[in-house]
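Only heavy atoms go into these numbers, but all of them, side chains included; no hydrogens, no water, no symmetry mates. Since this is a predicted model, take the numbers as computed values, not measurements.
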Amino acid sequence: MFRRILFQFVVICIFLSAANGVGHASTFPDVQHGTKLSEELTVLSDFGGVTIVPNEPFRVNDAITRYEAAELIVRTMQIDSEAIAIPTYEDISVDDPRMPIIAAITELRIMTGFEGKFNPDTKLTRAQAVKILAHAFSLSGQAKVTYTDIPKNHSGANAIQAFVANQILFPAKNEKFNPNAMMTRGNFASYVARIIEPSLRPTEPEQPVFESCVKETNKKRYVVDVAVTNLWNKPNQARAVDYPSTKNPVEMQKWVSSLSLSQKKWLVGRTDTQALYGDEVTLLDTKGKWQRVAAKDQYVPYLKAGYPGWVPQSHIATTNKNYDDCAIAIITSQKAHLFEEDAKTKFLQISYATILPVIDEDKKYYYVETPSDGVKLLKKGDAKSYTAYSKVPKPTAQTIIKEAKRYLDLPYLWAGTSSWGYDCSGILYAVFKAHGIMIPRDSFYQATGGKAVAKKDLKPGDLVFFAYNGGKGKVYHVGLYVGEGKMLHAPHYASKVKIESMNNGVYKKNYSGARRYL
């Protein structure tokens, strides 16, 4: 009882001592200076609720966890967490550095465990978070206008009513609260700041909070976190000359330009394919600083998970975010830059056919989610956006040919699937991928898909194949038929993307068939 009275006294003191104005201290790199959230975080910093660390983001759009919510509340209230008895939870050891905060929030009965566990990493829904805050700060009251998706019998109705009655929230007409969506760190901090500093409370309906298409899940996903990564058939094979392609960030142009012909030839049989920025992979194995992954969008018949290979561990990011409800942006420029929020500072150059989730847009930019660095800006002139990959319109043969011709004279790169260098099947895989058609990655698998076409029935846009043993053995090469007996292809490590006859020399001798994917 004494502790509860002491706690209420501390809260009253906080209200009375709150400054009418707000400070102008620096905030976080992901919070724009001068915004309402910037002011709110400055107030929380003054109270000790948050700590501003140079160059460390607040992670505004991340879902807040139970522990993060407890920490913000306890620190803002300036509760002495070291002088409180330690509770017993199955999932938190006594010497866990988080225990003092958890002990304080438990002692005050603001947040308690369930079935012997505190579940510190569990994400809070918006309704759960508001109920915790209303209880913590003893908020009450009834409001005439509330949210259309909160019926009177909703478990969070009283807390949400209290928030509206105290103008922590000021809903617009017909606005929804989205009680089951995850509460973001930004929104939670904003609400705490408004509770302790009344001058921050809105006096008119606010713009509805943007409901991100990004969903937090309990499932780990692994995605490529560099512009392009080589998939090696064994770990630790990279040479000193390959360093620009194995570090993070990679420097692909520097790497490709530095390779002599003999060094390019050395890659044959050692690298198998490449994966682009944001591509999802399956984690198969780890050895030291290398991970064996499978590129999900690159089909091979022998592994359901996708095309396997070894990549530097630093090239893969782990996330629990799901983008299934997001639109996508497909890079249509040969290369494109992602920009920071100021639209001036370049963040990363990425390849043609890279696909990233879109969470918002304006007249000039798509706001795309990156694997590990938050939201970046992408110029609309460098990409096309669709509500889903399945909604990409089917291309014509001439569209495919025109796209492929953009890469004429680009030097060949064994295993290449990026616009820094393609191999024979890689260029076709990329061009078809950019137009909504996922064909197999390698020529000998491309030769088994689509519709078989007789040589006399060839049409521009068909894929033509060549095999050992006079066309009767294993397929080793593919080209894009462009008409008049000619094909666009990337012949070998010492060549470039070119157009030439398929009816002369070794190509005439080893022709093995054609497939139509259009």
Do [X] and [Y] make a side-chain contact, defined as non-hydrogen atoms from C-beta onward lying under 4.5 Å apart?
{"X": "Pro308", "Y": "Arg292", "result": "yes"}
{"X": "Val224", "Y": "Leu276", "result": "no"}
{"X": "Tyr191", "Y": "Leu169", "result": "yes"}
{"X": "Phe188", "Y": "Leu133", "result": "yes"}
{"X": "Ile355", "Y": "Asp297", "result": "no"}
{"X": "Leu303", "Y": "Leu284", "result": "yes"}
{"X": "Tyr517", "Y": "Pro440", "result": "yes"}
{"X": "Val214", "Y": "Cys326", "result": "yes"}

[X] side chain to [Y] main-chain N or O, any donor-acceptor pair under 3.5 Å?
{"X": "Thr370", "Y": "Asp373", "answer": "yes"}
{"X": "Tyr89", "Y": "Gly113", "answer": "yes"}
{"X": "Glu175", "Y": "Tyr147", "answer": "no"}
{"X": "Ser419", "Y": "Gln334", "answer": "yes"}
{"X": "Asp149", "Y": "Phe177", "answer": "yes"}
{"X": "Gln274", "Y": "Thr417", "answer": "yes"}
{"X": "Asn166", "Y": "Ile168", "answer": "no"}
{"X": "Asp30", "Y": "Phe58", "answer": "yes"}
{"X": "Arg221", "Y": "Thr319", "answer": "no"}
{"X": "Tyr389", "Y": "Lys433", "answer": "yes"}

Which residues share a salt bridge (charged side-chain N to carboxylate O under 4.0 Å, His left out) with [X], sequence neighbours left out:
{"X": "Asp62", "result": "Arg59, Lys321"}
{"X": "Lys380", "result": "Glu361"}
{"X": "Lys335", "result": "none"}
{"X": "Lys296", "result": "Glu280"}

Least distance between heavy atoms, [X] atom then [Y] atom:
{"X": "His315", "Y": "Ser245", "value": "CE1-O, 3.2 Å"}
{"X": "Leu139", "Y": "Phe163", "value": "CD1-CE1, 3.8 Å"}
{"X": "Ser372", "Y": "Ala317", "value": "CB-CB, 4.1 Å"}
{"X": "Pro202", "Y": "Phe170", "value": "O-CD1, 3.5 Å"}
{"X": "Pro87", "Y": "Ala103", "value": "CD-CB, 3.5 Å"}
{"X": "Leu44", "Y": "Ala189", "value": "CD1-O, 3.3 Å"}

Steps toward side chain to side chain contact (heavy atoms under 4.5 Å, CB included) verdict (Thr125, Met182): CA-CA 4 Å; Thr125 66; Met182 293 294 106; 3.7 Å; yes
If you measure from [atom1] on [X] to [atom2] on [Y], what distance do you get to the nearest 0.5 Å?
{"X": "Leu428", "Y": "Ile437", "atom1": "CG", "atom2": "CD1", "answer": "12.0 Å"}
{"X": "Trp290", "Y": "Ile316", "atom1": "CH2", "atom2": "CD1", "answer": "11.0 Å"}
{"X": "Tyr307", "Y": "Tyr429", "atom1": "OH", "atom2": "OH", "answer": "11.0 Å"}
{"X": "Lys131", "Y": "Met111", "atom1": "NZ", "atom2": "CE", "answer": "12.0 Å"}
{"X": "Glu107", "Y": "Ile84", "atom1": "CD", "atom2": "CD1", "answer": "5.5 Å"}
{"X": "Thr354", "Y": "Gln349", "atom1": "OG1", "atom2": "CD", "answer": "10.5 Å"}

Arg98 bridged to Asp96 by N-O distance under 4.0 Å: yes
Ion pair check, Glu403 and Arg406, cut-off under 4.0 Å: yes
Tabulate below the donor-acceptor pairs under 3.5 Å that side-chain atoms of residues 391-400 make, not counting sequence neighbours, or state none.
from, atom 1, to, atom 2, distance (Å)
Thr396, OG1, Thr399, N, 3.1
Thr396, OG1, Thr399, OG1, 2.9

Aromatic plane relationship, Tyr352 with Tyr407 - under 30° parallel, 30 to 60° tilted, over 60° perpendicular: tilted
Please check if atom [atom1] in [X] has more than 12 non-hydrogen atoms from other residues, nucleotides or ligands closer than 6.0 Å.
{"X": "Gln253", "atom1": "CD", "answer": "yes"}
{"X": "Asn218", "atom1": "CG", "answer": "no"}
{"X": "Lys247", "atom1": "NZ", "answer": "yes"}
{"X": "Lys36", "atom1": "NZ", "answer": "yes"}

Qualifying residue, where the test is side-chain contact (heavy atoms from CB on, under 4.5 Å) with Leu356 and the options are Leu338, Leu378, Ile330: Leu338
Option from Val281, Leu231, Thr246 for which side-chain contact (heavy atoms from CB on, under 4.5 Å) with Val311 holds: Leu231
Stepwise side chain to side chain contact (heavy atoms under 4.5 Å, CB included) test for Tyr277 and Ser351: CA-CA 8 Å; Tyr277 191 57; Ser351 169; over 6 Å; no
Stepwise side chain to side chain contact (heavy atoms under 4.5 Å, CB included) check, Val300 with Arg441: CA-CA 8 Å; Val300 289; Arg441 163 65 181 90; over 6 Å; no
Step-by-step side chain to side chain contact (heavy atoms under 4.5 Å, CB included) determination, Ile52 to Phe28: CA-CA 7 Å; Ile52 299 173; Phe28 301 88; 3.8 Å; yes
Test ring pair (Phe, Tyr, Trp, His ring centres under 6.0 Å) applied to Phe432 - qualifying residues, sequence neighbours left out: none
